[in-house]
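In the text below, chain A, chain B and the rest are named by the order of the sequence lines, each starting its count at 1.
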Amino acid sequence: MPELPEVEVTRQQLQQYVAGSVIEHVEVAEPKILDSPEMLQRLSEISNIHITSCERRGKLLLIHLENTDILAIHRRMAGNLTLLARNVPNELYTRAVFYLLAPNGAEQKLLYSDPRKFGRIGVYHPGELTQKLALLGPEPLQDDFTDAALKHAIGTANRPIKTILLDQSKIAGIGNIYADESLFIAGIHPERYSHSLTDIEIHTLRMAIATTLTSALKHAGTTFGRHKDLFGSAGRNLDYLQVYQRDGLPCKICGNVIQRIRVAQRSTRFCPECQK
DNA sequence: CTATAAACCTGCTGGC
DNA sequence: TGCCAGCAGGTTTATA
């Protein structure tokens, strides 16, 4: 479900509305969503600890705590975070509850809900995540994501370009929606072998990725299933998508029918006219 | 190294 | 209306 823009929406809201709160205690309703069984113990040890800040790396949320621990949340396909007052009932599929006390004294709770139980939560001591984070590629919305950086990410690999975009170790945060959208904006066919891209195409693709992600973020992400912000509002980006979920419909640019194929085991939409 | 398939889970949609 | 097949925004692991 959530890709970089959706996770970033959540991060910004956590930073604004949850940083500074105290975690009074944590309830885990479904241990399957923990990174490992030991995390049950770790979660019990962060009671009465302040949340200091919230960071994002790729699709991973990193909630920093006063004691230097890091609460890491990955929503995978269907996970979502919701901030509620304590007296409001939990929503369906709630898998974990963080009971929070806001600086102004408000008693809140942060729900992690996830019908498919694919998402993962863990608590890490300083340094324990370093190796894992080092496996992620560059952040595509950061200044250092240059043409050279994208070229380096592609490296010597010769695989369909969409495969590279989805590979979190090459570029962090792009998923199926924004891979298809970026390739459409760049006018590049998803099955084009990465080797065959010219420097100009690499530049165009790099710009297309930034444009696509920035636009999605501006619209608070894409909601066609479960992605909602902390307060339950849907993202508005669905209306702005060019190809994703539009197979069989006319291309918004040229009118040709958007096609659907399989690339890297994933449904892939593209315009056969606009993408060569 | 790459590529593919399966696994993890459950809900939803479309076709018959 | 009911049932079944297929699909879903992600990642990991096993197998060629």
Give me the distance, rounded to whole Å, that separates [N] from [M] when you measure between the [atom1] atoms they each carry.
N	M	atom1	value
dT1(C)	dT10(B)	P	27 Å
dG10(C)	dC1(B)	C1'	22 Å
dT11(C)	dG11(B)	P	22 Å
dA3(B)	dA8(C)	C1'	22 Å
dA5(B)	dG6(C)	P	15 Å

With a 4.0 Å cut-off, would you call Arg95(A) and Asp114(A) a salt bridge?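 No.
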With the threshold set at 4.0 Å, does a side-chain nitrogen-carboxylate oxygen contact exist between Glu55(A) and Arg11(A)? no
Distance check, rounded to the nearest 0.5 Å: Leu101(A) atom CG versus Glu107(A) atom CD? 6.5 Å
Mark yes or no for a side-chain to base donor-acceptor pair under 3.5 Å between Arg116(A) and dA8(C), with no hydrogen or angle criteria applied. yes
Side chain to side chain, Leu61(A) and Leu81(A), heavy atoms closer than 4.5 Å: yes
Closest to the Pro115(A) side chain, choosing from dA3(B), dG11(B), dA8(C):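 Among dA3(B), dG11(B), dA8(C), the one nearest the side chain of Pro115(A) is dG11(B).
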Which part of the nucleic acid, if any, lies within contact of [X], taking any heavy atom under 4.0 Å across all strands shown: a base, the sugar-phosphate backbone alone, or nothing?
X	result
Ala264(A)	nothing
Tyr178(A)	nothing
Pro5(A)	nothing
Thr163(A)	nothing

Does [N] have OP1 or OP2 under 4.0 Å away from a side-chain N or O of [X]?
X	N	answer
Tyr93(A)	dT10(B)	no
Gln265(A)	dA3(B)	no
Lys59(A)	dG10(C)	yes

Within a reach of under 6.0 Å around NZ of Lys252(A), are more than 12 heavy atoms found that belong to other residues, nucleotides or ligands?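 Enclosed.
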Which one is paired to dC3(C), where only Watson-Crick or G-U wobble pairs with both distances under 3.5 angstrom count?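 Per the H-bond distance test, dG15(B).
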For dT13(C), which nucleotide is its Watson-Crick or G-U wobble mate, given both distances must be under 3.5 Å?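 Answer to the pairing question: dA5(B), which forms a Watson-Crick or G-U pair with dT13(C).
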Stacked pair Phe118(A)-dC8(B), distance under 5.5 Å, angle under 30°: yes
